Enquirer: 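Please see the structure below; I have some questions.
Throughout, a chain's letter reflects where its sequence line sits, starting with A, and its residues are numbered from 1. Treat the numbers as computed from the prediction; the structure is a model and nothing was measured.
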Amino acid sequence: MTGSRLTIPAPADYDLPRDVCSYGYFLLAPNHWDVETQSLFRVLDLEDGATTVRITQPDTMQQRPERKRVPGTRTTNHQKKPPRGTHLKTLRAAFDRKLSRAEQQQARAQIARMLRLDESAENLRDFHKLDPRFKKSGRGRLFRSPSLFEDVVKTVTSCNVTWPSTVHMNTRLCEVLGRKSPTGGRAFPTPDRLARTRPGTLRARCRVGYRDQRMIDLARLFRKGDIDEPWLTDPETPDDDVFAFLKTLPGIGPYAAGNIMQLLGRYSRLALDTESIRHGRALLGYTGSERQILKQLAAHYEPFGAHKFRSYWFELWDFYESKAGPSHLWQRESTAKVFTAALLKK
DNA sequence: GGTAGACCTGGACGC
DNA sequence: GCGTCCAGGTCTACC
């Protein structure tokens with residue numbers, strides 16, 4: 001790429017392959033995880049138009065795919081333990097066009113949100129103290145989108161469908177409504193673009209089904225400024241209030257609200273769905289009706305308090321990796337076929 | 001507060 | 001290739 005390049009400071013424990021490949025959204029358009037180079041490609045929508053960015057972490061590039069250490073060789077950089085609280089890791093972002101100063105600021109903010117670079121070391125320590133199972137791997141950050149709007153729409157596309165349909169809907173939303181970058185990639189649609197789209201277009205061309213009007217209504221709420229993001233992310237705002245508000249949004253029920261809570265950095269709620277029921281039965285050995293299993297799941301994760309979603313999620317993620325191998329080696333197309341209810345039941 | 005049925009799409013399966 | 005069945009969370013009407 002011949003455009004702007006940015007150096008982005010990351011927390012000392014940051015590990016791009018691990019922290020990007022930590023939540024299913026990294027497999028959804030416009031995100032593209034490149035297994036060969038262990039880097040993240042995606043189109044960002046900035047002030048002057050779309051641009052494709054490639055994000056790398058030099059000290060993990062090319063090393064991660066093997067995951068084997070040759071006896072007698074030196075410890076690699078990313079295995080060294082840096083002092084706490086220092087920004088020793090560096091990410092590189094390369095764009096396919098020149099960015100203005102203002103756009104560089106926007107890009108930095110979007111990348112920081114997406115990669116959870118603001119997740120404090122203290123918060124992660126609290127999680128690992130409460131649930132030491134994930135201390136060794138360092139798991140704790142959950143990949144998300146550059147904007148709350150994209151996170152909310154992606155959540156709607158994950159409701160009442162199997163994973164391959166979610167993959168397809170996001171691909172089509174970008175192809176049909178996303179702005180084009182100089183190298184031809186498509187961004188995720190903006191609230192304004194989605195708000196101006198006809199339900200019939202969404203249904204026929206993006207295959208979103210009955211979600212059409214709900215997605216347009218959501219986009220209009222974002223466009224009008226009815227979604228108060230500072231209030232939703234303010235630590236002073238009680239989780240219960242945020243959860244109650246989210247459930248008033250079109251297309252958002254208890255599962256979706258719980259998922260958006262974690263995307264907002266609030267991990268005190270679970271997002272329980274049929275996948276959770278399967279997990280309860282298959283891995284935790286629970287029996288009984290769905291309602292009974294949901295109760296058992298709630299009790300199981302209760303000790304993890306403010307971090308219970310992460311305990312739930314990384315337990316589930318370990319299971320997926322046991323089926324499909326390390327997540328940083330997953331390909332979007334093949335993985336879409338792995339995560340079908342029928343196959344997981346097997 | 002709890003429950004039943006409709007909403008859409010894509011995959012699996014049988015013929 | 002076609003028809004049928006099923007999975008998936010939210011919403012509405014009804015009790």
Enquirer: Output yes when at least one side-chain N/O atom of A:Arg207 is less than 4.0 Å from OP1 or OP2 of B:dC8, else no.
Expert: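 Indeed not, no polar side-chain atom of A:Arg207 lies that close.
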Enquirer: What does the inter-axis angle of the helix from B:dG1-C:dC15 to B:dC15-C:dG1 come out as, five pairs per end, nearest 10 degrees?
Expert: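 Nearest ten degrees gives 30° for this helix.
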Enquirer: Could you tell me the separation between the CG atom of A:Leu316 and the OG atom of A:Ser311, rounded to the nearest 0.5 Å?
Expert: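 The OG atom of A:Ser311 is 12.5 Å from CG of A:Leu316, to the nearest 0.5 Å.
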Enquirer: Donor-acceptor pair under 3.5 Å: do we get one between A:Tyr255's side chain and the base of C:dG8?
Expert: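 Not at all, since no donor on one side and acceptor on the other fall under 3.5 Å apart.
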Enquirer: Does C:dG8 have OP1 or OP2 sitting under 4.0 Å from an N or O in the side chain of A:Thr274?
Expert: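 Looking at the OP1 and OP2 atoms of C:dG8, one of them is under 4.0 Å from a side-chain N or O of A:Thr274.
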Enquirer: Between A:Arg266 and A:Val242 (side chain of the first, backbone of the second, donor and acceptor by atom type, cut-off under 3.5 Å), is there such a pair?
Expert: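 Checking the backbone N and O of A:Val242 against the side chain of A:Arg266, no donor-acceptor pair under 3.5 Å is found.
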Enquirer: Verify whether one side chain among A:Asn259 and A:Tyr23 offers a donor that lies under 3.5 Å from an acceptor in the other.
Expert: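 Short answer, yes.
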Enquirer: Tell me, which pairs form a side-chain hydrogen bond (donor to acceptor under 3.5 Å, both in side chains) where one or both residues lie in residues 107-118 of chain A, sequence neighbours left out?
Expert: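 Listed once each, the pairs are A:Arg113-A:Asp151, A:Arg116-A:Gln262, A:Arg116-A:Tyr267.
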Enquirer: Could you run down the sub-3.5 Å N/O contacts of the protein with nucleotides 3-5 of chain B?
Expert:
residue : atom : partner  : partner atom : Å
B:dT3   : OP2  : A:Arg291 : NH2          : 2.5

Enquirer: Whole-Å distance between C:dG9 C1' and A:Arg214 CZ?
Expert: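 Computing the A:Arg214:CZ to C:dG9:C1' distance gives 9 Å.
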Enquirer: Which label fits A:Phe314 and A:Phe127: parallel for a plane angle under 30°, tilted from 30 to 60°, or perpendicular past 60°?
Expert: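 Taking A:Phe127 first and then A:Phe314, their aromatic rings sit tilted (interplane angle of 30° to 60°).
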Enquirer: Using a strict threshold of under 4.0 Å (side-chain N to carboxylate O), is an ion pair present between A:Asp13 and A:Arg141?
Expert: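 A:Asp13 and A:Arg141: salt-bridged.
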Enquirer: Between A:Arg278 and A:Glu275, is there a salt bridge with N-O shorter than 4.0 Å?
Expert: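 Looking at A:Arg278 together with A:Glu275, the answer is yes, because their closest N to O distance falls below 4.0 Å.
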Enquirer: Kindly determine whether A:Arg186 and A:Asp45 satisfy salt bridge (Lys or Arg N to Asp or Glu O under 4.0 Å), including the steps that lead there.
Expert: CA-CA 9 Å; A:Arg186 295 278 183 178; A:Asp45 205 313; over 6 Å; no
Enquirer: Under 4.0 Å between any heavy atoms, over every strand shown, what does A:Ile277 touch: base, sugar-phosphate, or nothing? Just pick one.
Expert: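 No contact.
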Enquirer: Does the side chain of A:His168 get closer than 4.0 angstrom to OP1 or OP2 of B:dT9 through an N or O atom?
Expert: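 Negative; the distance criterion is not met.
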Enquirer: Of the options C:dG8, B:dG11, C:dT10, whose atoms approach the side-chain atoms of A:Pro164 most closely?
Expert: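 Nearest to the side chain of A:Pro164 among the choices is B:dG11.
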Enquirer: From the list C:dG9, C:dG8, C:dT10, which nucleotide is the closest neighbour of the side chain of A:Tyr210?
Expert: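 Selected nucleotide: C:dG9.
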